[in-house]
Amino acid sequence: MTVPAPRTAFVKRRRYRFDLRSTALFFVFLAVVVSVLGLAARVAAGALERRPAWVFVLVLIGVAGCLGLRRRWRVAGVARRAAAALDEAAREAAEQLEAPAVSSRQSAAEVVAVDYAAPTQEEIGYAPLTPQEFDYAALTPQEFEEAIAALCERDGCSGVEVVGGAGDLGADVVAVTPDGRRIVVQCKHYDESHRVGSQDLQRFGGTCFTVHEADVAVLVSTSDFTAPALEYAEQCGILCVNGETLEAWTDGTGPLPWDVAPEAGAAGATGCETAGAGA
């Protein structure tokens with residue numbers, strides 16, 4: 001197979017034609033320059049003839065000019081060497097600054113590794129909470145949910161999660177009891193004058209079994225419950241824990257909620273629907 005020879009690129013060169021006018025102007029300008037230089041030399045020669053002392057002045061001026069140019073060249077050389085030295089110093093400083101940054105990142109990684117290697121909560125164990133150590137009235141609603149979750153985890157529940165917030169559908173804390181049942185807790189952080197009403201129970205009863213699939217449904221409050229609320233909770237199989245019962249649960253003098261809660265499941269959901277229709 002014949003390989004075609006590579007084609008060389010064609011470069012178009014611009015050709016300049018002879019211009020008589022431009023050439024004449026150039027020679028006129030050159031004649032003017034030569035005339036000016038000749039006139040300057042003649043004036044200088046005449047001045048030197050009249051005043052010979054100016055020769056030394058001109059010589060001194062020339063020597064000074066030469067020395068000045070030489071000094072300027074030296075200064076330029078010194079400036080270049082100084083710039084190179086500064087550049088080298090800046091480079092070394094940058095390398096020294098990078099070294100501590102790497103070591104600090106390594107030390108931070110070691111600290112994180114030490115934190116991950118720390119004992120787990122199961123190894124340490126939870127200290128018993130008491131009403132003196134845990135003032136529920138001083139907590140925010142979110143902190144109250146976290147406190148209830150801590151109680152559940154302290155007393156043996158697993159998979160404890162705080163799920164309260166926008167769109168929680170009535171569930172604030174979910175967990176699995178030591179005997180394997182799913183417990184769903186709603187937390188009501190009210191003051192003593194604000195009791196939990198039947199509407200609160202109805203909203204919780206409408207989702208705790210059907211949506212969250214609770215085996216044990218508990219509503220915990222820092223205050224108390226109204227009579228209609230307790231009646232509705234009894235029909236649905238929801239355990240109500242008021243402030244006094246919560247303190248007993250906290251200091252360990254009362255029973256655990258999942259030990260006294262009725263078995264609900266599908267029966268609890270049916271009971272909530274019946275109670276809701278009756279209301």
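Every heavy atom of this structure was used, including side-chain atoms; hydrogens, water molecules and symmetry mates were not. Residue indices begin at 1 and follow the sequence shown.
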Note to self: Is there a side-chain contact (heavy atoms from CB on, under 4.5 Å) between Phe144 and Asp172? Walk through the geometry before answering.
What the structure shows: CA-CA 10 Å; Phe144 181 58; Asp172 294 324; over 6 Å; no
Notebook entry, point to check: If you look at every heavy atom in Ser223 and Tyr190, which pair is closest and at what distance?
Noted result: OG-CB, 3.6 Å
Margin query: Check for me, please, whether Val176 and Val162 land in the same ILVMFWY cluster - side-chain distances under 4.5 Å, paths through other members count.
Written below: no
Note to self: With no hydrogens and no angle check, just 3.5 Å: does a side-chain donor-acceptor pair link Trp258 and Asp155?
What the structure shows: no
Next item on the list: For Glu234, look at atom CD and say whether over 12 heavy atoms of other residues, nucleotides or ligands are found less than 6.0 Å away.
Entry: no
Item checked: Crowding at CD, Glu213 (>12 non-hydrogen neighbours, <6.0 Å) -> no
Check: Transitively linked via ILVMFWY side-chain contacts under 4.5 Å: Leu25 with Val33?
Finding: no
Note to self: Return the OG1 to CG distance between Thr226 and Leu201, rounded to the nearest 0.5 Å.
What the structure shows: 7.5 Å
Note to self: Please determine whether the number of non-hydrogen atoms from other residues, nucleotides or ligands lying under 6.0 Å from atom CZ of Arg195 exceeds 12.
What the structure shows: no
Notebook entry, point to check: Just how far is it from atom OG1 of Thr177 to atom CG of Asp259, taken to the nearest 0.5 Å?
Noted result: 8.5 Å
Item checked: Closest heavy-atom pair and its distance - Val173, Cys187 -> CG2-SG, 4.3 Å
Item checked: Joint cluster assignment, Val216 & Val160, ILVMFWY side-chain distance < 4.5 Å -> yes
Notebook entry, point to check: Does Thr207 use its side chain to pair, donor to acceptor, with the backbone of Val211 at less than 3.5 Å?
Noted result: no
Check: Given Trp249 and Thr245, is the side-chain contact (heavy atoms from CB on, under 4.5 Å) satisfied, shown in steps?
Finding: CA-CA 6 Å; Trp249 176 22; Thr245 308; 5.6 Å; no
Item checked: Leu151/Arg154 under side-chain contact (heavy atoms from CB on, under 4.5 Å): CA gap, chis, key distance, verdict -> CA-CA 5 Å; Leu151 282 176; Arg154 182 200 69 179; 3.8 Å; yes
Next item on the list: Drop me the distance from Phe204's CZ to Cys236's SG, to the nearest 0.5 angstrom.
Entry: 10.0 Å
Notebook entry, point to check: Are Val260 and Val218 co-members of a hydrophobic cluster defined by side-chain heavy atoms under 4.5 Å apart?
Noted result: yes
Item checked: For the student: nearest non-hydrogen atoms of Thr140 and His189, plus distance -> O-CD2, 4.5 Å
Item checked: Which atom of Leu239 lies closest to which atom of Pro257, heavy atoms considered -> CD2-O, 3.2 Å
Check: In Å, rounded to the nearest 0.5 Å, how long is the span from SG of Cys240 to CZ of Phe225?
Finding: 4.0 Å
Next item on the list: Any chance you could measure Asn242, atom CG, to Leu219, atom CG, to the nearest 0.5 Å?
Entry: 11.0 Å
Notebook entry, point to check: Shortest non-hydrogen contact from Val184 to Ala214?
Noted result: CG2-CB, 3.4 Å
Next item on the list: Evaluate the side-chain contact (heavy atoms from CB on, under 4.5 Å) criterion for residues Ile238 and Phe209: first the C-alpha distance (whole Å), next the side-chain angles of each, then the deciding distance (0.1 Å), finally the verdict.
Entry: CA-CA 10 Å; Ile238 300 174; Phe209 297 115; 4.2 Å; yes
Notebook entry, point to check: Rounded to the nearest 0.5 Å, what separation is found between the CG atom of Asp224 and the OG atom of Ser193?
Noted result: 12.0 Å
Next item on the list: Work out which heavy atom in Val241 is nearest to a heavy atom in Leu246; give both atom names and the distance.
Entry: CG1-N, 3.7 Å
